[in-house]
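Have a look at the structure below, then the notes.
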Amino acid sequence: MRKLSGIFLVGLCLGAVGAVVVTARHSSAAAPQPIAVTEFVTPTSATPTPTPTSTPAAKTELSASSATPAPAAKGEPAKVNAAALGKIVGDGEVSAVVFDRERGAAITSVRADRAYTSASLVKLLIALSALEQGGPVADVQRMLSRSDDDLASRFWTAYGGPSIVTHWATKLGLTGTRPPEEPGRWGDTRITASDIVRIYQYLLDHKSIAILNALHDATERGADGFRQYFGIPDAAAGQQWAVKQGWSCCRPTRMLHTSGVVGHYIVVVLTEYPATVDYATGSRRVTELVSTLLGG
């Protein structure tokens, strides 16, 4: 597996918290393995170089011992209002949070408590439950990096189903997160941008390396063939990132979400569109939203 850069981890583990929020898929588990979570080590590599959007940047081990933040390839995030984001999303809905971990405050927060269907973002909670109960680390990481629905369904069934959502909502104080009405439809979990920010804060504060490495190793194509580099990966090309994406349609609308960490920022953009807006169009809009939030 590719590793995360020391510079990137610094931004992840030593920064204070700051945020921008914009509102804009089952079998038995394999033999359990222990979770390998260790302290970050400092690699000798340094500045990441820009790469084409079709190829992810080189990824090395995260580090908590360096004090140098990852350099930004574009401008710094600045406060963006709902009207500006609304123009980009058009006939869709958007919620967004950009959380600055160094300042411990949100730079932008737009409709952060509006509820959306989670699509694959709930895999973050599925992963936490699977690892908490001694699930297979490699398979959990594959579920995240390739957004593998078959693995998600397997883990959902094996590690609690809807109780996965209620357990973590209670533990992390996720006030807007609800399990799906139909117990087997994990992708219909309800979420908010502010709650997704809290999940990333937990992952970073608790040094959940198995999960963070998987998010940093997200593949350009998901297990279903969908291109999952819209949003953060495309908008933050040349920077170090770790992401979990979500997409779904049509019950009855289309969802396209991007979430993750860019340097010392937690970025969450949730969007909902009429089903008539295709994935290509929605993906472009989400990338433009993130670019605007990051000062691009």
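The first residue of the sequence shown is numbered 1, and numbering continues consecutively from there.
- Heavy-atom minimum distance, Ser118 versus Val122: OG-CB, 3.5 Å.
- Between Tyr229 and Trp241, the ring centre distance stays below 6.0 Å.
- Looking at His264 and Arg103, their side chains never come closer than 4.5 Å, going by heavy atoms from C-beta outward.
- In this structure, Thr281 contributes its side chain and Val277 its backbone to no donor-acceptor pair below 3.5 Å.
- Across all non-hydrogen atoms, the minimal contact from Trp156 to Pro162 is CZ2-N, 3.4 Å.
- Considering Asp195, Thr170, Thr189, Thr192 as possible partners of Thr177, the one that fulfils the side chain to side chain donor-acceptor pair (under 3.5 Å) test is Asp195.
- Side chain of Lys123 to backbone of Ser147: a donor-acceptor contact under 3.5 angstrom is found.
- Between the side chain of Thr219 and the backbone N or O of Arg221 there is at least one donor-acceptor pair closer than 3.5 Å.
- Note that the OG1 atom of Thr292 and the NZ atom of Lys87 stand 11.5 Å from one another [nearest 0.5 Å].
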query: side chain to side chain contact (heavy atoms under 4.5 Å, CB included) between Tyr116 and Met255: does it pass, once the steps are laid out?
result: CA-CA 8 Å; Tyr116 294 80; Met255 303 286 174; 4.2 Å; yes
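- One distance of note links OG of Ser291 with CZ of Arg284; it measures 15.0 Å at 0.5 Å rounding.
- Side chain of Gln201 to main chain of Ile196: no donor-acceptor pair is present (N/O by atom type, distance under 3.5 Å, no hydrogens or angles).
- The heavy-atom pair separating Leu270 from His257 by the smallest distance is CA-ND1, 3.4 Å.
- Without hydrogens or angle criteria, Thr117 side chain to Asp188 main chain gives no donor-acceptor distance under 3.5 Å.
- Residues Leu289 and Leu85 meet the side-chain proximity criterion, which asks for heavy atoms closer than 4.5 Å.
- No donor-acceptor contact under 3.5 angstrom links the side chains of Tyr265 and Gln239, judged on distance only.
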task: May I have the step-by-step check of side chain to side chain contact (heavy atoms under 4.5 Å, CB included) for Asn213 and Gln141, ending in yes or no?
output: CA-CA 8 Å; Asn213 279 344; Gln141 292 180 310; 4.2 Å; yes
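- When atom types are taken as modelled, the side chain of Ser163 and the backbone of Gly160 share a donor-acceptor pair closer than 3.5 angstrom.
- With salt bridges taken as basic N to acidic carboxylate O contacts below 4.0 Å, one links Arg251 and Glu182.
- You'll find the side chain of Leu128 stays beyond 4.5 Å of the side chain of Tyr159, heavy atoms only.
- A heavy-atom distance below 4.5 Å is not found between the side chains of Arg178 and Val165.
- Seen from the ring of Tyr279, Arg254 counts as a face-on cation partner, given the 6.0 Å and 45° thresholds.
- When every heavy atom of Leu131 is checked against every heavy atom of Ile211, the shortest pair comes out as CD1-CG1, 3.7 Å.
- In this structure, Ser283 and Phe230 approach most closely via the heavy-atom pair CB-CB, 3.7 Å.
- Remark: the backbone N or O of Ile232 is paired with a side-chain donor or acceptor of Thr258 at under 3.5 angstrom.
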query: Stepwise, does the salt bridge (Lys or Arg N to Asp or Glu O under 4.0 Å) test hold for Arg146 with Glu220?
result: CA-CA 8 Å; Arg146 301 180 67 246; Glu220 182 169 4; over 6 Å; no
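- Separating the CG atom in Leu125 from the CG atom in Leu174 is a distance of 6.5 Å, to the nearest 0.5 Å.
- Using a distance-only test at 3.5 Å, with no hydrogens or angles considered, a donor-acceptor pair links the side chain of Thr271 to the main chain of Leu256.
- Heavy-atom minimum distance, Asn81 versus Val110: C-CG2, 4.2 Å.
- With a 4.5 Å cut-off on side-chain heavy atoms, Leu215 and Ser145 do not count as touching.
- In this structure, Arg285 contributes its side chain and Val89 its backbone to a donor-acceptor pair below 3.5 Å.
- Atom OG of Ser109 sits about 7.5 Å away from atom NZ of Lys79, to the nearest 0.5 Å.
- Side chains of Asp139 and Arg154 form a contact here, defined as non-hydrogen atoms less than 4.5 Å apart.
- Cation-pi check for Arg198 over Tyr200 is not met; the charged atom does not lie both under 6.0 angstrom from the ring centroid and within 45 degrees of its normal.
- His206 contributes a side-chain N or O that, together with a main-chain N or O of Tyr202, makes up a donor-acceptor pair within less than 3.5 Å.
- Contact annotation: the side chain of Ser259 never approaches that of Val269 to less than 4.5 Å [non-hydrogen atoms, C-beta and beyond].
- Ile164 places a side-chain heavy atom less than 4.5 Å from the side chain of Ser129.
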